[in-house]
Amino acid sequence: MKTIFLIDWCLVPAFILSSVSGVALHIAGHGSDHAVWHNWALFHVAASLVFLVLVVMHVKTHWGWYRNAVKRGPGRKGRVTAAVTIAFAAISLTGIVLLGVNGANSSLGLWHYGLGLIGILLFSGHLIRRIPALRKSLAM
């Protein structure tokens, strides 16, 4: 299997773990057990760091597309990919800043959560459109 597809396949569980743990973290923030919130926070940070590293690798393997998108514009099909890229950058930046913020339900944390929900929708759409290529990669 080509490295590009291996990275893409690794992104799927990393995306799921980061998304599920982010929603669970938000829900735990409404509870009274700080230990539960703390455990979800640790899991979310770990899963999201793995996701971040894989996304950086994914972008690197698709660098030609980004170069062309900057020169010529993303085109009709690439607008969703451009939106995914912008959303991921915003989610990542707010998440990194949150590493220095104490406490559940901070205003920045709520922004990060809201952006994360938008990201889940965009990333899911991005993934769904690529399922045929991912399936085909298994036959190689």
Q: Is there a side chain to side chain contact (heavy atoms under 4.5 Å, CB included) between F123 and I91 once you walk through the steps?
A: CA-CA 12 Å; F123 304 157; I91 294 164; 4.0 Å; yes
Q: State the NE2-CD1 distance between H112 and I96, to the nearest 0.5 angstrom.
A: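 H112 NE2 to I96 CD1: 9.5 Å, rounded to 0.5 Å.
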Q: For the hydrophobic clusters of this structure (ILVMFWY residues joined by side-chain heavy atoms under 4.5 Å, transitively), does one cluster hold both V12 and L138?
A: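 Shared cluster, yes.
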Q: Nearest 0.5 Å, what's the CG-NE2 distance between L49 and H44?
A: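 Between L49 CG and H44 NE2, I get 9.5 Å after rounding to 0.5 Å.
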Q: Give, for atom CG of L117 and atom CG of L122, the distance between the pair rounded to the nearest 0.5 Å.
A: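 Here the rounded value is 11.5 Å.
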Q: I need the I16 CD1 to S21 OG distance, nearest 0.5 Å.
A: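 Going from CD1 on I16 over to OG on S21, the span is 11.5 Å.
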Q: Is there a path of hydrophobic side-chain contacts, each under 4.5 Å between heavy atoms, that joins L52 and W63?
A: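 Yes, L52 connects to W63 through the hydrophobic network.
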Q: Looking only at atom types and distance, does a side-chain atom of S18 sit under 3.5 Å from a main-chain N or O of F15, one as donor and one as acceptor?
A: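 Such a contact is absent between S18 side chain and F15 backbone.
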Q: Given the rule that I, L, V, M, F, W and Y join up when any side-chain heavy atoms are under 4.5 Å apart, are L127 and I86 in one cluster?
A: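 In one cluster: no.
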Q: Classify the side-chain pair W65/T81 by whether it contains a donor and acceptor separated by less than 3.5 Å.
A: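 Looking only at side-chain atoms, T81 and W65 do not form any donor-acceptor pair under 3.5 Å.
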Q: Nearest heavy-atom pair of V36 and A28: which atoms, and what distance?
A: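 Here V36 and A28 meet closest at CG1-CB, 4.1 Å.
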Q: Are L134 and V80 linked, directly or through other ILVMFWY residues, by side chains that come within less than 4.5 angstrom of each other?
A: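 The answer is yes; both residues are in one hydrophobic cluster.
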Q: Tell me whether W111 is reachable from L93 by hopping between hydrophobic residues (I, L, V, M, F, W, Y) whose side-chain heavy atoms are closer than 4.5 Å.
A: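 In one cluster: no.
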Q: With rounding to the nearest 0.5 Å, note down the distance linking CD1 in I7 to NE2 in H62.
A: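 Going from CD1 on I7 over to NE2 on H62, the span is 9.0 Å.
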Q: Any sub-3.5 Å donor-acceptor pair from H58's side-chain atoms to L54's backbone N or O?
A: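 Such a contact is absent between H58 side chain and L54 backbone.
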Q: Distance check, rounded to the nearest 0.5 Å: R130 atom CZ versus F5 atom CZ?
A: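 Taking CZ in R130 and CZ in F5, the distance rounds to 11.5 Å.
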Q: Counting distance only, does the side-chain N/O of S92 pair as donor-acceptor with the main-chain N or O of A89 below 3.5 Å?
A: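 No, S92 side chain to A89 backbone: no donor-acceptor pair under 3.5 Å.
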Q: With H38, which residues qualify under side-chain hydrogen bond (donor to acceptor under 3.5 Å, both in side chains), at least two apart?
A: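 With sequence neighbours excluded, H38 shows a side-chain hydrogen bond (donor to acceptor under 3.5 Å, both in side chains) to no residue whatsoever.
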Q: F43 and L17: which non-hydrogen atoms are nearest, and at how many Å?
A: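 Heavy atoms only, the tightest pair is CZ-CD2, 4.0 Å.
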Q: Just say parallel, tilted or perpendicular for the rings of H26 and H30, cut-offs at 30° and 60°.
A: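 Perpendicular, since the angle between the ring planes exceeds 60°.
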Q: Apply ring pair (Phe, Tyr, Trp, His ring centres under 6.0 Å) to the pair F51 and F88, showing each step before the final yes or no.
A: CA-CA 11 Å; F51 188 47; F88 185 80; 5.6 Å; yes
Q: Please report the shortest heavy-atom distance between A41 and L25, naming the atom on each side.
A: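 Scanning both residues completely, I find the closest heavy atoms to be N-CD1, 3.6 Å.
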Q: Assess whether side chain to side chain contact (heavy atoms under 4.5 Å, CB included) is satisfied between I27 and W40, documenting all intermediate values.
A: CA-CA 10 Å; I27 292 168; W40 277 115; over 6 Å; no
Q: Please walk me through it: do S137 and D8 pass side chain to side chain contact (heavy atoms under 4.5 Å, CB included)?
A: CA-CA 10 Å; S137 74; D8 291 352; over 6 Å; no
Q: Could you tell me which residues satisfy side-chain hydrogen bond (donor to acceptor under 3.5 Å, both in side chains) with R72, sequence neighbours excluded, listed by chain and number?
A: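 R72 satisfies side-chain hydrogen bond (donor to acceptor under 3.5 Å, both in side chains) with N68 once adjacent residues are dropped.
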